[in-house]
Amino acid sequence: MSTPLEQWVESVSRMTHPKQIVWCDGSQEEAARMQEQMIREGDTERLNEKTYPNCILHRSNPNDVARTEQVTFICTRDRRNSGPTNNWMSPEDAKQTLGGLFNRSMKDRTMFVIPYSMGPAGSPQSRIGVEISDSPYVVASMRIMSRMGKAALDRLGNSNDFVPGLHSLGDLNPNRRYIAHFPEEKLIWSVGSGYGGNALLGKKCFALRIASWMAREQGWMAEHMLILGLEAPSGKVTYMAAAFPSACGKTNLAMMVSALEGQGYRVWTVGDDIAWLQPGPDGRLYAINPEAGFFGVAPGTNTNTNPNVMTALRENTIFTNTGMTSQKEPWWEGMDDRTPEAVTDWQGRPWTAANGPAAQPNSRYTVPAQQAPSISPHWQDPAGVPISAFIFGGRRARLAPLVYQATDWRHGVYVGATMASETTAAATGAVGVTRRDPMAMLPFCGYNMADYLQHWLDMGARVPNPPQIFHVNWFRRGADGKFLWPGYGDNVRVLKWILERIEGQAAASETPIGFVPTPNALTLDGLNISRATMEELLRVDSADWIKEHANVGEFFAKFGDDLPQGIREEHKRLGERLQGVMSAPK
Ligand code: GTP
Ligand code: SPV
Ligand code: MN
């Protein structure tokens with residue numbers, strides 16, 4: 001008798017006709033074989049063995065360097081359940097279209113069967129997935145990003161309780177690229193891309209799109225959130241989870257070296273991209289990081305902005321689409337003050353400024369989480385960590401103050417639902433366009449976003465002691481176009497205010513959008529920032545917010561009658577508060 005997994009592998013191999021099938025065990029020898037295969041195939045180089053031991057540089061097809069949202073589909077039987085913000089195909093059409101592309105797609109290739117666990121061993125929150133892929137880069141990456149190999153296979157046993165994900169590089173033609181999710185079957189099919197979020201199916205496809213569907217069915221939450229612990233001088237650690245859109249600062253915040261370390265405030269990293277959250281027995285929400293590595297943005301990363309990751313990525317790291325120096329060390333814009341000579345650019349050409357940046361703007365490092373000096377002693381705790389604050393944020397050149405606090409859970413859900421951010425290089429398409437991105441989940445919600453917002457409202461009722469909800473904006477710009485706030489390690493000053501608000505201490509003034517720090521409430525010791533800049537950072541301009549409110553209304557109209565009543569009411573109230581301020585005597 002074959003197991004459900006063996007049956008699936010068999011059916012996939014009948015469709016894709018691989019040259020051979022390899023079951024991955026996650027061992028060191030296997031990882032070395034993957035590196036050798038990649039190097040043989042010509043798209044990968046070994047980096048300097050002395051300064052970057054066991055590190056490689058992978059160059060992807062230049063047309064395949066970011067997530068492709070326009071060809072990412074949620075394939076529900078009823079179109080309504082995919083919702084107005086997702087691309088939809090019927091499951092039949094998707095299987096027909098993608099099936100054609102999978103047909104014999106592994107003819108000359110090895111098919112890897114990659115069993116993995118999302119979440120630490122022994123956690124009731126962990127889930128098993130199995131990816132089938134014809135890419136050794138995927139195998140090598142999944143080994144870092146998940147708990148991949150024999151342990152996951154052993155845990156699965158004969159069970160059918162796994163999320164199958166089928167991936168093939170196909171011919172890498174963007175016109176034949178599809179990332180399809182079948183949440184009703186908990187199945188993923190991805191073809192035509194080797195890029196991270198499109199091809200490492202445990203990550204966005206499973207841990208967010210499929211998991212968000214499962215979470216709604218089962219009463220938990222799957223969110224695009226970092227998880228950090230803020231240690232106070234007393235030694236007490238308070239955990240916070242933050243949702244910012246792609247390339248908006250999650251990894252950097254989760255790994256920061258605190259500017260207030262001298263005062264006893266320190267940040268511990270639990271996760272940098274995804275959180276699975278579940279109500280605990282004490283009425284609080286507990287979070288695990290389902291991943292085991294960081295797939296982080298390289299450009300702009302340096303020993304000032306993120307010293308922890310700079311230390312972490314000196315070994316066992318995969319660099320993707322960065323530049324490389326003549327010393328065979330990885331290099332990217334913003335890494336240091338050098339402009340090294342004889343850099344090879346991300347496409348493997350001698351770098352000249354005329355060809356654009358040396359590193360692709362969405363070039364990344366893939367590094368095991370445990371290599372981070374800031375990794376929390378609780379990062380693999382099977383019970384997770386209790387979350388005291390949710391923080392939403394995005395890139396807003398104007399409008400959103402440095403930080404504000406929602407008045408209660410329902411208002412906080414509204415704050416998350418109305419998030420917006422300027423788009424980044426993490427997805428193909430125009431960069432710098434402001435778009436609404438509820439809870440940073442717009443590209444990752446595996447079902448109708450209206451139902452997702454209702455699920456958030458419902459969770460508040462199920463968690464007697466829910467996290468307090470905040471919104472931050474590190475990206476406000478002054479009249480000169482420059483960022484007003486220094487960001488990075490100085491963001492701890494904002495985390496400290498958040499902590500003090502949770503503990504009922506810090507001062508705030510009430511504005512129509514929520515509680516904003518009073519001018520003296522933030523600890524600014526050691527920071528050279530003018531009073532006028534701080535005032536600008538904390539300013540709430542009601543006239544601007546009235547425009548924002550109208551814009552939010554247009555976005556919500558997409559959902560028609562499906563928009564939850566609780567969100568409708570919050571929207572109406574914000575409008576009234578803003579009008580009240582505008583018409584109040586000055
Ligand atoms: P994904 O991995 O795509 O989900 O991105 P992320 O949210 O983890 O973003 P990440 O921390 O990698 O930061 C992305 C970019 O934002 C990098 O270029 C950072 O240098 C920049 N960045 C991060 N934090 C700050 C900050 O506090 N201030 C400013 N100005 N830039 C920041
Ligand atoms: C993101 O784009 O949000 C990422 C990178 O974290 S990817 O895994 O490609 O989605
Ligand atoms: Mn992300």
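The analysis underlying the following values was restricted to heavy atoms, covering all of them including side chains, and did not include hydrogens, waters or symmetry mates. We count residues from 1, following the sequence as given. Each ligand, and each atom within it, is numbered from 1 in the order the structure gives.
A cation-pi arrangement is present between Arg501 and Phe515, with the terminal nitrogen or guanidinium carbon under 6.0 Å from the aromatic centre and inside a 45° cone about the axis. Stacking of Arg266 on the aromatic ring of Trp268 is recorded, both the 6.0 Å distance cut-off and the 45° axial limit being met.
At least one N or O atom of Cys248 sits closer than 3.5 Å to an N or O atom of ligand 1. Note: an N/O pair closer than 3.5 Å links Ala247 and ligand 1 by distance alone. An N or O contact shorter than 3.5 Å is missing between Lys250 and ligand 2 by distance. For a threshold of 3.5 Å applied to N or O pairs, the pair formed by Gly249 and ligand 1 contains at least one separation below that value. At under 3.5 Å, not a single nitrogen or oxygen of Phe295, backbone or side chain, sits near a nitrogen or oxygen of ligand 2. Residue-to-ligand polar distances place Ser246 within reach of ligand 2: an N/O pair is separated by less than 3.5 Å. At least one N/O-N/O distance between Arg364 and ligand 1 falls below 3.5 Å.
Side-chain contact between Arg143 and Met34 is absent, with no heavy-atom pair separated by less than 4.5 Å. Two residues are said to be in side-chain contact when any heavy atoms from C-beta on lie closer than 4.5 Å; Ile114 and Val138 meet this criterion.
Protein heavy atom at the shortest distance from atom 8 (O) of ligand 2 is Lys203 CE, 3.0 Å. Annotation: atom 29 (C) of ligand 1 to nearest protein heavy atom, Phe475 CE2, 3.5 Å. Among all non-hydrogen protein atoms, the one lying nearest atom 4 (O) of ligand 1 is Lys250 NZ, 2.8 Å. Annotation: atom 4 (C) of ligand 2 to nearest protein heavy atom, Lys204 NZ, 2.9 Å. Nearest protein neighbour of atom 19 (C) of ligand 1, counting heavy atoms only, is Tyr488 OH, 3.5 Å. Here the protein heavy atom with the shortest distance to atom 10 (P) of ligand 1 is Asn252 ND2, 3.4 Å. For atom 15 (C) of ligand 1, the closest non-hydrogen atom of the protein is Arg395 NH2, 3.5 Å.
Set against the non-hydrogen atoms of His224, the atoms of ligand 1 under 4.0 Å away are 4 (O). Numbered from 1 in the order shown, with element, the atoms of ligand 2 that lie under 4.0 Å from a heavy atom of His224 read 3 (O). Annotation for ligand 2: atoms under 4.0 Å from non-hydrogen atoms of Asp273 are 6 (O). For ligand 2, the atoms closer than 4.0 angstrom to any heavy atom of Gly197 are 7 (S), 8 (O), 9 (O), 10 (O). Close contacts between ligand 1 and Asn491 involve ligand atoms 27 (O) [criterion: under 4.0 Å to a heavy atom]. Near Ala426, the atoms of ligand 2 lying under 4.0 angstrom from a non-hydrogen atom of the residue are 2 (O). Residue Phe444 has at least one heavy-atom neighbour below 4.0 Å for each of these atoms of ligand 2: 3 (O). Near Val297, with a cut-off below 4.0 Å to any heavy atom, the atoms of ligand 1 are 12 (O).
Taking the six-membered ring for Trp and thresholds of 30 and 60 degrees, Trp351 and Trp331 have ring planes inclined between 30 and 60 degrees apart. Aromatic ring orientation, Phe444 versus His224: perpendicular (interplanar angle above 60°, classes split at 30° and 60°).
Between Arg531 and Glu535 there is a salt bridge, with a side-chain nitrogen of the basic residue lying less than 4.0 Å from a carboxylate oxygen of the acidic one. Using a 4.0 Å cut-off between a side-chain N of Lys or Arg and a carboxylate O of Asp or Glu, Glu422 and Arg396 do not qualify as a salt bridge. Between Arg398 and Asp541 there is no salt bridge, since no side-chain N of the basic residue sits under 4.0 Å from a carboxylate O of the acidic one. Taking the charged nitrogens against the carboxylate oxygens, Asp525 and Arg493 have no contact shorter than 4.0 Å, which rules out a salt bridge.
In terms of heavy atoms, Trp220 sits closest to Leu277 at CB-O, 3.1 Å.
For the side-chain contact (heavy atoms from CB on, under 4.5 Å) with Trp497, the qualifying choice from Val403, Ile502, Leu402, Thr523 is Val403, the only one to do so.
Within Asp273, the N, O or S atom lying nearest to the Mn ion (ligand 3) carries the name OD1.
Under the 4.0 angstrom criterion for non-hydrogen atoms, Pro245 is in contact with ligand 1. Asp273 counts as a contact of ligand 1, since one of its heavy atoms falls under 4.0 Å from the ligand.
Around the CG atom of Asp337, the shell of radius 6.0 Å holds no more than 12 heavy atoms that belong to other residues, nucleotides or ligands.
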Let me see the working for Glu69 and Lys204 under salt bridge (charged side-chain N to carboxylate O under 4.0 Å, His left out), right down to the final yes or no.
CA-CA 12 Å; Glu69 297 177 4; Lys204 296 304 169 48; over 6 Å; no

* So Met145 and Tyr116, side-chain contact (heavy atoms from CB on, under 4.5 Å) or not? Walk me through it. -> CA-CA 10 Å; Met145 295 305 297; Tyr116 62 93; over 6 Å; no

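Of the listed residues (Pro299, Pro486, Gly197), the one carrying the non-hydrogen atom nearest atom 18 (O) of ligand 1 is Pro299.
For the residue pair Tyr137 and Asp43, no side-chain donor N or O sits within less than 3.5 Å of a side-chain acceptor on the partner.
Neither the backbone nor the side chain of Phe244 has any atom closer than 4.0 Å to an atom of ligand 2 (non-hydrogen atoms only).
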